[in-house]
Asks: 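I am attaching a structure below and will ask some questions about it afterwards.
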Amino acid sequence: MDIFIPYLFLFLLLPFSLYLILFFHKEDSDDPKNLPPGTNGWPILGENVNLGLLGLSKFIRGRMEKYSPDVFRTSLLGEKVAVFCGAQGNKIIFTNDGKLVTPWLPLSLKKVLVPDLDDSSSYKEGFDVFNKFKYDTLKPEALRQYIPVMDAMARVHLRDDGWKPHFAVKVQPLINKYTFELSCRLFFNVTDPEKLQTLSGPFGPMRNGLMSLPIDLPWTAFGRGLKAGNIVRAEMTKIVEARREEMMRKGRGEDRDMLSKMLEVKDEEGKFISVKKIVNLFVGLLVASFDSTASATNAMVFYLAEYPHVYEEVLKEQMAIAKSKAPGENLTWEDVDKMKYSWNVAREVLRLVPTTPGTFKEAMTDISFAGFTIPKGMKTFWTPHSSHLNPEYFPEPEKFDPSRFEGSGPAPYTYVPFGGGARMCPGRVYAKLAILVLMHNLVTKFRFKKVIPHEKMVVEFSASPSHGLHLHLYPH
Ligand SMILES: *[C@@H]1O[C@H](CO)[C@@H](O)[C@H](O)[C@H]1NC(C)=O
Ligand SMILES: *[C@@H]1O[C@H](CO)[C@@H](O)[C@H](O)[C@H]1NC(C)=O
């Protein structure tokens, strides 16, 4: 709910004059272009308030039922948006990147995350730099070397960071801390607690500003996000510049992480990429890796506590792996590869509570879909929530059943926690490794039980436990 509370305040504090406008506002009923059905909601606020109150999953499914299961129109984050739904909707978006749709960032996200990239050409350039870079550093062969580091960090974290056996522990902040520190260690080798603190402090408000109504006031999520974004970038700039200096002093070492590789990349003209671009890229990477990984890991622990029979199966698999290793020996790629059941559990978790809300794009041309026309320039949105709970694709969709992923698994374009097509989430393997390595360490060390029986996973934009995931921890 965090992200939306500022809207509710805004909603309640609106000046009287605006109420009058709201009172007299009419639905725009001219429909010359055969637009998808839907509503624009309130002026300025659009349907953000409804979304905040319902959560993304209910919001999407309610509108699919009311308007159309294929595509409906709404207004979010200050933009009119066509939401493409179901396997066909996902497919048309995923397979037409650069043909029918092009990446688009909501104003809030752009202003908070990359305020200096104003025109679309430099924005596209950022994508290109990232694309070149991601295949090099996020491909499985590169990720392989992260596993021992993840494992060693998970062990230290569980030993030193507040996971107390025989106690009731609030798990979400611990997992978030671990996930954040893992990214900082792996991407740019920052482990110093003080430096981590200067980054993680403003990181929260920055994230909350990303998907907000772009109204810049001191008390809005957006206003706070802008400020926090500047602080995060300033800190990141210090880190990048210090490394650049170190590399100039010491030369190209053997020991290289993502940041040192990035500092060696040259653009088409043979020039090094500017510090500013690298900073933007790393802040983006941090946001992307943190949100999805932390949310998925929290959800995984939540469901293991919720379903003891699933926990037992995961434990069996992880214990067999633990027994095959010497004490203190790090996990390897081959070990993670054996975690088949555990991964199916994680996949089922990501079906029920996807960690990405989906993404926005912009129509490059008039798009005909399901009998409607989405005009050129209109924003589009796809979301896992339009298909993940559809009983046609997933029988008994509310049931937690990891066996759905055995054999050939779900039909194409129905299960899309990482998107699909050319822009499928490049961090999906990273997320998989981070989740499974922590899970290995957690279940082989502890049993756990929910402290608050009615605690749930709630999905606004991404998923989180309603009360911070309070668990009793017991040693084996
Ligand atoms: C495990 O990996 C960490 C991080 O790479 C390393 O420092 C440690 O020496 C490794 N432990 C063993 C037993 O190889
Ligand atoms: C990361 O930091 C450690 C010490 O904190 C150092 O030994 C190592 O060389 C660094 N790695 C890179 C790639 O800078």
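In this chain, numbering begins with 1 at the start of the sequence shown. These numbers were taken from a predicted model, which means no experiment stands behind them. Indexing begins at 1, ligand by ligand and atom by atom, following the structure's order.
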Asks: Could you tell me whether atom 2 (O) of ligand 1 has at least one protein heavy atom nearer than 4.0 Å?
Replies: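 Within 4.0 Å: yes, protein heavy atom nearby.
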Asks: Has Thr191 got any heavy atom lying under 4.0 angstrom from an atom of ligand 2?
Replies: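 Per 4.0 Å heavy-atom rule, Thr191 does not contact ligand 2.
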Asks: How far is atom 5 (O) of ligand 1 from its nearest protein heavy atom, and which residue and atom is that?
Replies: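 Its nearest protein heavy-atom neighbour is Val149 CG2, 3.7 Å.
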Asks: What's the separation between atom CG in Asn96 and atom OG1 in Thr380, rounded to the nearest 0.5 Å?
Replies: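 Result: 10.5 Å between the selected atoms.
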Asks: Is the shortest N/O to N/O distance between Asn189 and ligand 2 below 3.5 Å?
Replies: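 Yes: some nitrogen or oxygen of Asn189 is under 3.5 Å from one in ligand 2.
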Asks: Can you tell me if NZ on Lys227 sees more than 12 non-hydrogen neighbours from other groups inside 6.0 Å?
Replies: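 12 or below, so no.
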Asks: Considering only protein heavy atoms, which is closest to atom 8 (C) of ligand 2, and at what distance to one decimal place?
Replies: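 Going by distance alone, atom 8 (C) of ligand 2 is nearest to Asp255 OD2, 3.2 Å.
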Asks: Between Tyr430 and Phe187, what is the ring plane arrangement, given parallel below 30°, perpendicular above 60°, and tilted in between?
Replies: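 Aromatic pair Tyr430/Phe187 classed tilted.
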Asks: Do me a favour and list the nearest non-hydrogen protein atom to atom 6 (C) of ligand 1 with residue, atom name and distance?
Replies: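 The answer is Asn330 ND2, 4.2 Å.
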Asks: Measure centre to centre between the rings of Trp382 and Phe94, then say whether the value is under 6.0 Å.
Replies: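 Yes, the ring of Trp382 comes within the 6.0 Å limit of the ring of Phe94, centre to centre.
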Asks: Pro148 heavy atoms, cut-off 4.0 Å: which ligand 1 atoms fall inside?
Replies: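 Once the distances to Pro148 are compared, the set is 2 (O).
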Asks: Touching ligand 2 at all, Arg243? Heavy atoms, strictly under 4.0 Å?
Replies: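 Distance cut 4.0 Å: Arg243 passes for ligand 2.
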Asks: Is the closest protein non-hydrogen atom to atom 14 (O) of ligand 1 under 4.0 Å?
Replies: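 Under the 4.0 Å cut-off, atom 14 (O) of ligand 1 does have protein heavy-atom neighbours.
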Asks: Parallel, tilted or perpendicular for Phe381 and Phe360, by the 30°/60° rule?
Replies: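 Correct class here is tilted.
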Asks: Specify whether the nearest protein heavy atom to atom 11 (N) of ligand 2 is under 4.0 angstrom away.
Replies: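 At least one protein heavy atom is under 4.0 Å away.
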Asks: Does atom NZ (Lys338) have a neighbourhood of more than 12 heavy atoms from anything else shown, all under 6.0 Å?
Replies: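 More than 12 heavy atoms, drawn from other residues, nucleotides or ligands, come within 6.0 Å of this atom.
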Asks: Cut-off 3.5 Å, no hydrogens considered: what does the side-chain donor-acceptor table look like for residues 408-420, sequence neighbours left out?
Replies:
from, atom 1, to, atom 2, distance (Å)
Thr414, OG1, Ala411, O, 2.6
Tyr415, OH, Arg347, O, 2.6

Asks: Gly328 heavy atoms, cut-off 4.0 Å: which ligand 1 atoms fall inside?
Replies: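 Here the atoms of ligand 1 in question are 13 (C).
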Asks: Is it possible for you to check whether Arg351 lies under 6.0 Å from the centre of the six-membered ring of Phe394, through NZ or CZ, and within 45° of that ring's axis?
Replies: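 Yes, Arg351 lies over the aromatic ring of Phe394.
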